[in-house]
A.B. asks: 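What follows is a structure written as structure tokens; I'll ask about it next.
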Amino acid sequence: MRTHSCGQLRAEHIGETVTLCGWVDRHRDHGGVIFLDLRDRTGLIQIVSDPERTPNSYQQAGDLRNEYVVKVTGRVSQRPSDSLNPRLATGEVEVYADHIELFNAVNRQLPFQVSAAETENVREELRLKYRYLDLRRERMSRNLQLRHQVTKTLRRYLEDVQGFMEVETPILTRSTPEGARDYLVPSRVSPGEWYALPQSPQLFKQLLMVSGVDRYYQIARCFRDEDLRADRQPEFTQLDMEMSFMTQAEIFALNEDMVCHLFKTVQGVELSRPFPQLTYAESMERYGTDKPDTRFGLELVNVSDLLKDSGFKVFSGAIASGGVVKVLPIPQGNDAISNVRIKPGGDLFKEAETCGARGLAYIRVRENGEIDTIGAIKDNLTPTQTQELLERTGAQAGHLLLFGAGDTNMVNKTLDRLRQVVGRELGLIDTSQLNFLWITDFPMFEWNAEEKRLEAAHNPFAAPHPDDLHDLKTARSQTYDLVLNGFELVSGSLRIYQPEIQQQVFELIGMSMEEAHRRFGFMLEAFDYGAPPHGGLAYGLDRLVMLMAGEESIRDVIPFPKTQQARCLLTAAPSGVDAQQLKELHVASTYQPKSST
RNA sequence: GGGGGUGUAGCUUAGUGGCUCAAAGCAGUCGCCUGUCGAGCGAAAGAUCGUGGGUUCAAAUCCCAUCAUCCCCGCCA
């Protein structure tokens, strides 16, 4: 039907007769000469029609409106030297339309302007309702194509360079304990029983290792029925990988090579290797989080030992009850951050409060080591302590020191959050950087205070660190995350492949042997038939593409995303269904609409 | 479940108690215009001010409720 794409035409095509198809991006009718910008996903090309040179198309050209779908046949011509458009890739040429065929007009008012020239931010609600129009627009078209380039490059690399094979795993599977809430699907043929949609292909990919697949990958859709965020959708996509007979170092090397290849191929960016590594413990100590944004400094300083005997009870009390005192030192913080903001009611104070902090102690460092703070702190600091404090935090005149004191998790959470807010506000973030960072050695278990039991910190299949086998309760696991600019991009581990260790882990998270066998018996059994040592990881593909696209929400790299209420504004899902459908599925809703008063 | 923001013409916004206060740009319609590329000029048209209730002589504006959407907390092994 067509000979070229719109965005493809260059000076080399001058003189050729071409046929193009696409949408009318914009039309400029000068009364004598008509210009049309014709658009397809490859770009824009200017079409020209006038009564003398293109008498056959002139009438039709005048009747065209934005977003009409047309076929244009014409001659590619050099533009007059004073009419070149350097902002268009095709701006050196134009097409004289000998013939224009209209495929479809637009019969309704457009809900928003689609043209590439239109830069206004349309309300997202509208964009989602008319997503097919939104996807025509340059930004989303670009994101969609970027996403394709990313998956294509990853596939080529994994298959052709590393010998991975893609294997599909079930979407209808069984519900697993732990983890996120499952999406459930009722079984018609097994009344009262349910499938779950997979939160990840975890179990299957491990079974594939037992099957001898050796190197597996899948662009896998995953489902988690939890509340949404800018970077969380109920269905999302992982690049899921699992490998047999590889050490952690080998897995890292392969993945770094893949990521570097990806950025080089898709964006022409050369990343430096190897990626830095930080243990979980060190990351928590220095940044208060397991996914630090290392594009800026503002590292936390632990001063617990220095202040454990302080007369200021907020500090000494925190340490006495097993907590910590840590400092977020902010260079030039004195000028940048007023007292109003860090005192009760201030925005930074409120940030701290939402993390559980009850106060936000601070010290302002003045000239010659003088400090400025509340009396209760100043009176209880000896000159030696003060000096030591300034030395350890690297504080100079102008520094603002913000303190977190209390429960370790709370302090870390508070100072991590403040660090991010301040880092952003003070413009410390070099947005051109791509800081990849491996976080390793996560703990095997975390204490769930509500349920009064240990739970798997990562997932219950992560192998314990070989040095820590003597006490699994406090063991580190061979788990790793890959962090990019503060986003958890990848998560993985070496897996347990000995059934007896797997059983011990199940027991430690409070799962009886019977329950473990009932739920994972197939897995334990499989491991009894010769499971290879294996490990793997999964990339949050939406997040990866989002970061590469420079977007702030994964919705902008997902063609048809859900709203925060997990609704699809385009199709109006979820929706009610016929009573007959429910009956066949042996399902009845217990939902009672709120009575209107 | 909780905290915060947004909702005014098809779109993007202005308007924070009254006096042409319902306004502007773009889009759409009509007319003019032979080198524009966010074309230009001109005309007419276009708004239950999210919805419902309340306060007031008077509400887009204040109050209450509600709906939608966004950000965050909880949640997301």
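So that the names make sense, note that chain A is the first sequence line, chain B the second, and so on, each numbered from 1. Heavy atoms only: backbone and side chains are in, while hydrogens, waters and symmetry mates are out.
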A.B. asks: Just the rounded figure in Å: distance from P of B/G35 to NE2 of A/H30.
C.D. replies: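 It is 7 Å, rounded to the nearest whole Å.
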
A.B. asks: Grab the N/O contacts between the protein and nucleotides 4-11 of chain B below 3.5 Å, and write none if there aren't any.
C.D. replies:
residue: B/G10; atom: O4'; partner: A/Q109; partner atom: OE1; Å: 2.9
residue: B/G10; atom: O2'; partner: A/L110; partner atom: O; Å: 3.2
residue: B/G10; atom: O2'; partner: A/P111; partner atom: O; Å: 3.0
residue: B/C11; atom: O4'; partner: A/P111; partner atom: O; Å: 3.4

A.B. asks: What about A/D50, does its side chain sit under 3.5 Å from the base of B/G35 through a donor-acceptor pair?
C.D. replies: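 It does not, because no donor-acceptor pair links the side chain of A/D50 to the base of B/G35 below 3.5 Å.
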
A.B. asks: Whole angstroms only, please: what is the CG-P distance between A/N459 and B/A77?
C.D. replies: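 Distance check: A/N459 CG to B/A77 P gives 10 Å.
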
A.B. asks: Can you tell me if the side-chain N/O atoms of A/N66 get under 4.0 Å from OP1 or OP2 in B/G28?
C.D. replies: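 Yes, A/N66 has a side-chain N/O under 4.0 Å of OP1/OP2 on B/G28.
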
A.B. asks: Please tell me which of the listed nucleotides, B/C37, B/U34, B/C72, lies nearest to the side chain of A/R417?
C.D. replies: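 The listed nucleotide nearest to A/R417's side chain is B/C72.
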
A.B. asks: Once you round it to whole Å, what is the distance between P of B/C76 and NZ of A/K413?
C.D. replies: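 Taking atom P of B/C76 as the reference, NZ of A/K413 is at 12 Å.
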
A.B. asks: At under 4.0 Å, does any side-chain N or O of A/R65 touch on OP1 or OP2 of B/U29?
C.D. replies: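 Yes, within the criterion.
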
A.B. asks: Choose from B/C37, B/G35, B/C70 the nucleotide whose nearest atom is closest to any side-chain atom of A/R53.
C.D. replies: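 Selected nucleotide (nearest to the side chain): B/G35.
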
A.B. asks: Just how far, in rounded Å, is P of B/A77 from CD of A/Q502?
C.D. replies: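 A/Q502 atom CD is separated from B/A77 atom P by 17 Å.
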
A.B. asks: Measure from the side-chain heavy atoms of A/R567 and tell me the nearest of B/U69, B/G35, B/A77.
C.D. replies: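 Among the listed nucleotides, the one closest to the side chain of A/R567 is B/U69.
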
A.B. asks: Examine the base of B/C75 for any acceptor or donor lying under 3.5 Å from a partner atom in the side chain of A/R232, and report the outcome as yes or no.
C.D. replies: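 Answer yes: a donor N or O sits under 3.5 Å from an acceptor.
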
A.B. asks: Would you say the base of B/C75 and the side-chain of A/D227 have a donor-acceptor pair closer than 3.5 Å?
C.D. replies: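 Side chain to base: no pair present.
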
A.B. asks: Pick the P atom in B/C11 and in B/U48, then give their distance to the nearest Å.
C.D. replies: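 Between the two P atoms, the distance is 11 Å.
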
A.B. asks: Whether the side chain of A/Q8 engages the backbone of A/S5 through a donor-acceptor N/O pair (distance < 3.5 Å, no angle test) should be reported.
C.D. replies: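 A pair under 3.5 Å: yes.
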
A.B. asks: Please determine whether a side-chain nitrogen or oxygen atom of A/T563 lies at a distance below 4.0 Å from atom OP1 or OP2 of B/U69.
C.D. replies: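 Yes, such a contact exists.
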
A.B. asks: Name the nucleic acid region contacted by A/A462, choosing base, sugar-phosphate or nothing; use a 4.0 angstrom heavy-atom cut-off, strictly under.
C.D. replies: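 Here A/A462 touches no strand at all.
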
A.B. asks: For residues A/M243 and A/K205, determine if any side-chain heavy atom of one lies less than 4.5 Å from a side-chain heavy atom of the other.
C.D. replies: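 No, side chains not in contact.
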
A.B. asks: Can you tell me the distance, in whole Å, between the CG atom of A/D37 and the P atom of B/G38?
C.D. replies: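 Nearest whole value for this atom pair: 9 Å.
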
A.B. asks: Base, sugar-phosphate, or nothing: which does A/I509 touch, judged by heavy atoms less than 4.0 Å apart?
C.D. replies: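 Nothing: the residue A/I509, judged by heavy atoms under 4.0 Å, touches no strand.
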
A.B. asks: Let me spell it out: for each of A/Q564 and A/S200, pick the nucleotide of RNA chain B with the closest heavy atom. Which residue's pick is nearer the 5' end?
C.D. replies: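 That would be A/Q564.
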
A.B. asks: Assign A/Y96 to base, sugar-phosphate, or nothing according to its heavy-atom contacts below 4.0 angstrom with the strands shown.
C.D. replies: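 Answer is base: heavy atoms of A/Y96 come under 4.0 Å of a base.
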
A.B. asks: Which part of the nucleic acid, if any, lies within reach of A/L84 when heavy atoms closer than 4.0 Å are counted: base, sugar-phosphate only, or nothing?
C.D. replies: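 It contacts base atoms.
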
A.B. asks: Please walk me through it: do A/E67 and A/R39 pass salt bridge (Lys or Arg N to Asp or Glu O under 4.0 Å)?
C.D. replies: CA-CA 9 Å; A/E67 300 309 312; A/R39 184 193 69 237; 2.8 Å; yes

A.B. asks: Between B/C21 and B/A60, how far apart are the two P atoms, rounded to whole Å?
C.D. replies: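 Those two atoms are separated by 14 Å.
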
A.B. asks: Using a cut-off of 4.0 Å on non-hydrogen atoms, how would the nucleic acid contact of A/E94 be classed: base, sugar-phosphate, or nothing?
C.D. replies: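 A/E94: base contact, heavy atoms under 4.0 Å.
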
A.B. asks: Look at A/R26 and B/A39 and indicate whether a side-chain polar atom (N or O) is within less than 4.0 Å of OP1 or OP2.
C.D. replies: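 So the side chain of A/R26 is within the cut-off, an N or O lying under 4.0 Å from OP1 or OP2 of B/A39.
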
A.B. asks: Counting distance alone, no hydrogens or angles: does the base of B/G28 have a donor or acceptor under 3.5 Å from a partner atom on the side chain of A/R108?
C.D. replies: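 By the distance-only test, no, there is no pair.
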
A.B. asks: Between A/F520 and A/F461, is the ring centre distance below 6.0 Å?
C.D. replies: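 Ring-ring flag for A/F520/A/F461: true, centres closer than 6.0 Å.
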
A.B. asks: When both hydrogen-bonding distances must be under 3.5 Å and the geometry is Watson-Crick or G-U wobble, what is B/C41 paired with, if anything?
C.D. replies: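 Because both required distances fall under 3.5 Å, B/C41 counts as paired with B/G31.
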
A.B. asks: Is there side-chain contact between A/T169 and A/L208, with at least one heavy-atom pair below 4.5 Å?
C.D. replies: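 Side chain of A/T169 against side chain of A/L208, heavy atoms only: contact under 4.5 Å found.
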
A.B. asks: Specify the separation, in whole Å, of atom CZ of A/R224 and atom C1' of B/A77.
C.D. replies: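 After rounding, the gap between these two atoms is 8 Å.
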
A.B. asks: Watson-Crick or G-U wobble partner for B/A23, using a 3.5 Å limit on both distances?
C.D. replies: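 Base-paired to B/U13.
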
A.B. asks: Below 4.0 angstrom, N of the basic side chain to O of the carboxylate: do A/R518 and A/E514 qualify?
C.D. replies: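 Looking at A/E514 together with A/R518, the answer is no, because their closest N to O distance does not fall below 4.0 Å.
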
A.B. asks: Just the rounded figure in Å: distance from P of B/G28 to CG of A/D29.
C.D. replies: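 These atoms are roughly 12 Å apart.
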
A.B. asks: Any donor-acceptor pair under 3.5 Å linking the side-chain atoms of A/S77 with those of A/R79?
C.D. replies: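 Their side chains do not contain a donor-acceptor pair, so the 3.5 Å distance test is not met.
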
A.B. asks: Report yes if a donor N or O on one partner sits less than 3.5 Å from an acceptor N or O on the other, where the partners are the side chain of A/R229 and the base of B/C70; otherwise report no.
C.D. replies: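 Answer is no: no donor-acceptor pair is held.
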
A.B. asks: Find the distance A/F35:CZ to B/G38:P and express it as a whole number of Å.
C.D. replies: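 Taking atom P of B/G38 as the reference, CZ of A/F35 is at 13 Å.
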
A.B. asks: Compute whether any side-chain donor of one residue and acceptor of the other, for A/T440 and A/T279, lie under 3.5 angstrom apart.
C.D. replies: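 There is no such pair (donor and acceptor under 3.5 Å, judged by atom type) between the side chains of A/T440 and A/T279.
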
A.B. asks: Please state whether the phosphate of B/A39, meaning OP1 or OP2, lies under 4.0 angstrom from any side-chain nitrogen or oxygen of A/R28.
C.D. replies: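 Yes, within the criterion.
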
A.B. asks: Give the minimum heavy-atom separation between A/S491 and A/E488, together with the two atoms involved.
C.D. replies: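 Answer, listing the atom of A/S491 first, then A/E488: CB-OE2, 3.8 Å.
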
A.B. asks: Mind checking who B/U66 pairs with, Watson-Crick or G-U wobble, both distances under 3.5 Å?
C.D. replies: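 Answer to the pairing question: B/G50, which forms a Watson-Crick or G-U pair with B/U66.
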
A.B. asks: Here's a test for you: under side-chain hydrogen bond (donor to acceptor under 3.5 Å, both in side chains), which of A/R26, A/R28, A/H27 qualifies with A/D37?
C.D. replies: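 Testing each of A/R26, A/R28, A/H27 against A/D37, the sole residue satisfying side-chain hydrogen bond (donor to acceptor under 3.5 Å, both in side chains) is A/R28.
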
A.B. asks: Hey, does A/Q46 reach any base, or is it just sugar-phosphate, or nothing, if we go heavy atoms under 4.0 Å?
C.D. replies: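 Base: the residue A/Q46, judged by heavy atoms under 4.0 Å, touches a nucleobase.
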
A.B. asks: Under 4.0 angstrom, heavy atoms only, what part of the nucleic acid is A/E52 near: base, sugar-phosphate, or nothing?
C.D. replies: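 Contact class for A/E52: base.
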
A.B. asks: Once hydrogens and angles are ignored, does a donor-acceptor distance under 3.5 Å link the base of B/G28 to the side chain of A/Y68?
C.D. replies: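 Counting by modelled atom types and ignoring angles, no donor-acceptor contact under 3.5 Å is found here.
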
